[in-house]
Amino acid sequence: MENTPDPRIIVALDVPGAQEALALAARLPAARCRLKVGKELFVAAGPALVEQLVQGGHGVFLDLKFHDIPNTVAQACVAAARLGVWMINVHAAGGTRMMRAAREAIEAAPRRPKLVAVTVLTSLSVEDVAELGFGEAPATLALRWAALARDSGLDGVVCSAQEAGALRGRFGPGFDLVTPGIRPPDAATDDQSRVATPAAAVRAGATYLVIGRPITRAADPAQALAAIQAQLDFPATGEPS
Ligand code: C5P
């Protein structure tokens, strides 16, 4: 398999501390995957770990889902960009002024990270969204917020593979769709409910696939990553090998 210049697989480092994260990173080739640092790991291990992962050669998605007033989010994005990360994210629910401020603030960064938005959290049910006072169904709201993110100059959105087809159809190529909830055909679903296989997610239009436990809990994470990558190495209209 050739080295991929723009690895599509983002491995979610959902581990409690720096030691576990660095041990995993050491086993995962930087040419084949990026790494996602979320709230648990960031709160435990901080910016120093992020910098170590970046220095180790991995592209890092700092998944802190900023949501605050525009100035605060913009400055948080500037601080994240200084760490040299590849991707950061904000909540679209912060509104277009917040998203625009974030996008403009990182424009001058020496290596501008990609900036994507979380739309409607997939953990929210139809009832939850109604209870919050929104008059639209979650899927309609997600599409509306994705359009706001695109119009605010963001690079893409985080979405489920189930939503990817509609979003790709609406926004065309060039808008990044980052999809969690990915499970190889033979893997346990864990606590995910609406899962898609890696190949199905890519066929639906996903740009990047966030995959955690099927790789991080495998006896051989590098081999699990390679096996998933192999499922993506097929012509766009063909079937996975
Ligand atoms: O282990 P697993 O593959 O389920 O990990 C998926 C990762 O994607 C986790 O870090 C999880 O927090 C994140 N995520 C998700 N669903 C969303 C948004 C993020 O599973 N809607």
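Position 1 is the first residue of the sequence; numbering continues from there. Numbering of ligands and ligand atoms starts at 1, following listing order.
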Could you tell me whether the side chain of [X] and the main chain of [Y] form a donor-acceptor pair under 3.5 Å?
X: Asp190; Y: Gln192; value: no
X: Asn89; Y: Leu64; value: yes
X: Asp155; Y: Val116; value: no
X: Arg27; Y: Pro221; value: no

Which residue in the set Val11, Ile10, Leu28 passes side-chain contact (heavy atoms from CB on, under 4.5 Å) when paired with His58?
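The single option meeting the side-chain contact (heavy atoms from CB on, under 4.5 Å) with His58 is Leu28.
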Can you confirm, on distance only, whether ligand 1 has an N/O atom lying under 3.5 Å from any N/O atom belonging to [X]?
X: Asp14; result: yes
X: Ile182; result: no
X: Asp191; result: no

Identify the protein heavy atom lying closest to [atom], giving its residue, its atom name and the separation to 0.1 Å.
atom: atom 21 (N) of ligand 1; answer: Thr122 OG1, 2.6 Å
atom: atom 19 (C) of ligand 1; answer: Pro180 CG, 3.8 Å
atom: atom 2 (P) of ligand 1; answer: Arg183 NH2, 3.4 Å

Using non-hydrogen atoms of the residue, decide whether Lys36 is closer than 4.0 angstrom to ligand 1.
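Lys36: in contact with ligand 1 (<4.0 Å).
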In terms of atom number and element, which parts of ligand 1 are under 4.0 angstrom from non-hydrogen atoms of [X]?
X: Val210; value: 7 (C), 8 (O)
X: Arg213; value: 1 (O), 2 (P), 3 (O), 4 (O)
X: Ala12; value: 7 (C), 10 (O)
X: Gln192; value: 4 (O), 6 (C), 15 (C), 20 (O)

Write down the atom of Ala161, the atom of Ala196, and the distance for their closest heavy-atom approach.
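Residues Ala161 and Ala196, closest heavy atoms: CB-CB, 3.4 Å.
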Could Arg34 and Asp6 be called an ion pair, given the rule that one side-chain N must be under 4.0 Å from one carboxylate O?
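Looking at Asp6 together with Arg34, the answer is yes, because their closest N to O distance falls below 4.0 Å.
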